[in-house]
Amino acid sequence: MMINKVVQLPVEERGHRVSSRRHRSAHGWSRRSRGLLATLVVIGLMALALGVFLGLRVFTLEEANEALRGSLYQREHELERLKPELERLRADVDALLKGRVPGLQPLVLDQVVNLDQAYLRNVVFTLVKRGSQVRYEYRLAMGNDTLQMVEPKVKINLFDRHGVHVGSARIGLGDKVEMELGPGEIVSRTGLIDLPEGEEEPVYFTVKAVVALPAAAG
């Protein structure tokens with residue numbers, strides 16, 4: 001018959017083992033705490049660095065924005081100061097060009113311009129673009145206030161800002177009679193003016209009634 005013996009350790013040794021386990025547990029928690037603290041410190045430093053960087057960036061952008069606004073205000077002020085002078089120079093150029101080219105008028109798109117010249121009533125110009133091709137469509141209104149038949153003969157010319165001729169159209173200037181206007185009749189003629197590649201856009205135009213002869217009878 002076997003008898004199990006329970007060996008009891010001395011009180012001092014049992015206390016030493018419990019204390020040793022507690023010391024190892026405390027030592028493990030202390031190491032984890034230091035690691036966590038170090039991680040938090042690194043994250044905090046990174047956040048601080050990021051905050052400083054963003055703050056400096058915002059400050060730099062605000063300074064640049066202020067400089068741009070100041071420059072824009074200066075430019076606008078300068079333009080306002082020069083506007084009367086520019087308008088005067090433009091008026092002088094217009095006067096010189098009109099003196100060189102009689103009947104010269106500013107070309108404003110999609111605006112009816114009254115002509116009041118012989119049988120010419122008014123004209124409207126419209127820009128027509130297809131790819132790189134640029135054309136100007138004209139719509140010319142004509143009316144016969146006489147008691148005779150009239151054969152309209154018209155020249156339309158376009159000029160750039162320097163007064164250089166850049167395009168034209170002709171109505172009734174060929175060998176054949178293109179159209180006739182009876183007494184009291186009003187008609188509208190539409191056509192296209194091609195603008196050669198490389199030419200400046202037209203700024204002025206002229207419309208002239210070249211001849212207003214009675215149509216041949218019979």
Side-chain angles (χ1 to χ4, degrees), residues 79-218:
L79 285 174
E80 285 296 324
R81 188 178 67 82
L82 292 175
K83 187 180 289 185
E85 182 69 15
L86 291 174
E87 289 177 352
R88 186 183 66 78
L89 290 174
R90 181 59 182 271
D92 290 344
V93 171
D94 287 349
L96 288 172
L97 291 176
K98 286 179 180 179
R100 195 179 76 182
V101 184
L104 196 70
Q105 298 193 61
L107 192 157
V108 181
L109 295 175
D110 303 315
Q111 177 176 303
V112 178
V113 179
N114 293 322
L115 300 173
D116 296 328
Q117 177 191 153
Y119 43 79
L120 304 178
R121 295 295 179 85
N122 59 65
V123 67
V124 180
F125 291 96
T126 302
L127 178 63
V128 179
K129 279 189 175 182
R130 288 185 180 177
S132 61
Q133 187 179 28
V134 178
R135 290 177 162 184
Y136 285 80
E137 181 185 72
Y138 65 86
R139 181 178 293 275
L140 179 65
M142 297 176 283
N144 182 6
D145 295 327
T146 71
L147 299 176
Q148 296 178 314
M149 297 292 292
V150 172
E151 296 175 9
K153 298 181 185 294
V154 184
K155 285 183 180 179
I156 301 175
N157 294 305
L158 304 182
F159 302 86
D160 67 13
R161 59 193 176 96
H162 304 293
V164 177
H165 181 263
V166 294
S168 62
R170 301 288 184 267
I171 299 173
L173 293 174
D175 296 332
K176 297 180 180 180
V177 176
E178 292 187 21
M179 61 185 302
E180 294 181 349
L181 288 177
E185 186 178 3
I186 297 175
V187 298
S188 179
R189 181 68 176 267
T190 301
L192 291 170
I193 301 175
D194 292 324
L195 195 66
E197 189 174 352
E199 293 286 358
E200 288 194 24
E201 65 178 13
V203 177
Y204 304 100
F205 76 93
T206 60
V207 180
K208 294 182 180 180
V210 180
V211 183
L213 296 177

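Values below: every heavy atom of this structure, side chains too, minus hydrogens, waters and symmetry copies. Positions are given from 1 along the sequence.
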- Message: Do Glu200 and Val164 make a side-chain contact, defined as non-hydrogen atoms from C-beta onward lying under 4.5 Å apart?
- Response: no

- Query: How long is the gap from OG1 on Thr206 to CG on Leu107, to the nearest 0.5 Å?
  - Reply: 10.5 Å

- Pairs satisfying ring pair (Phe, Tyr, Trp, His ring centres under 6.0 Å), at least one member in residues 132-159, at least two apart: Phe159-His165

- Note on the structure: Between Glu137 and Leu192, the two heavy atoms sitting closest are CB-CD2, 3.5 Å

- Exercise: identify the closest heavy-atom pair between Asp160 and Tyr204: O-CD1, 3.4 Å

- For Gln111, check side chain to side chain contact (heavy atoms under 4.5 Å, CB included) against everything at least two apart and list the hits. Val108

- Message: To check you understand the geometry: which heavy-atom pair defines the closest contact between Gln117 and Lys208, and what is its length?
- Response: OE1-CA, 3.4 Å

- Item | Any pair counted as salt bridge (charged side-chain N to carboxylate O under 4.0 Å, His left out), so long as it reaches residues 115-125, sequence neighbours left out | Arg121-Asp145

- Listed by chain and number, what are the salt bridge (Lys or Arg N to Asp or Glu O under 4.0 Å) partners of Glu201, not counting sequence neighbours? none

- Looking at side-chain heavy atoms only, is the closest gap between Leu173 and Lys155 below 4.5 Å? yes

- Determine the minimum heavy-atom distance between Glu180 and Glu185, stating which atoms define it. O-OE1, 3.8 Å

- For Arg135, all residues meeting salt bridge (Lys or Arg N to Asp or Glu O under 4.0 Å), sequence neighbours excluded: Asp194

- Message: Please report the interatomic distance CG(Leu120) to CZ(Arg189), rounded to the nearest 0.5 Å.
- Response: 13.0 Å

- Item | Leu140 and its side chain to side chain contact (heavy atoms under 4.5 Å, CB included) partner, picked from Val124, Asn122, Ile171 | Ile171

- Item | For Asn144, all residues meeting side chain to side chain contact (heavy atoms under 4.5 Å, CB included), sequence neighbours excluded | Thr146, Val150, Leu181, Pro183

- Item | Set of residues satisfying side chain to side chain donor-acceptor pair (under 3.5 Å) with respect to Ser188, sequence neighbours excluded | none

- Query: Which atoms form the tightest heavy-atom contact between Met149 and Gly182, and what is the distance?
  - Reply: SD-CA, 3.3 Å

- Query: Does any N or O in the side chain of Gln105 come within less than 3.5 Å of the main-chain N or O of Val207, such that one atom is a donor and the other an acceptor?
  - Reply: no

- Task: Taking all heavy atoms of Ala169 and all of Ile193, pick out the closest pair and write down the distance.
- Result: CB-CG1, 3.8 Å

- Could you walk me through whether Phe125 and Val113 pass the side chain to side chain contact (heavy atoms under 4.5 Å, CB included) check? CA-CA 9 Å; Phe125 291 96; Val113 179; 6.0 Å; no

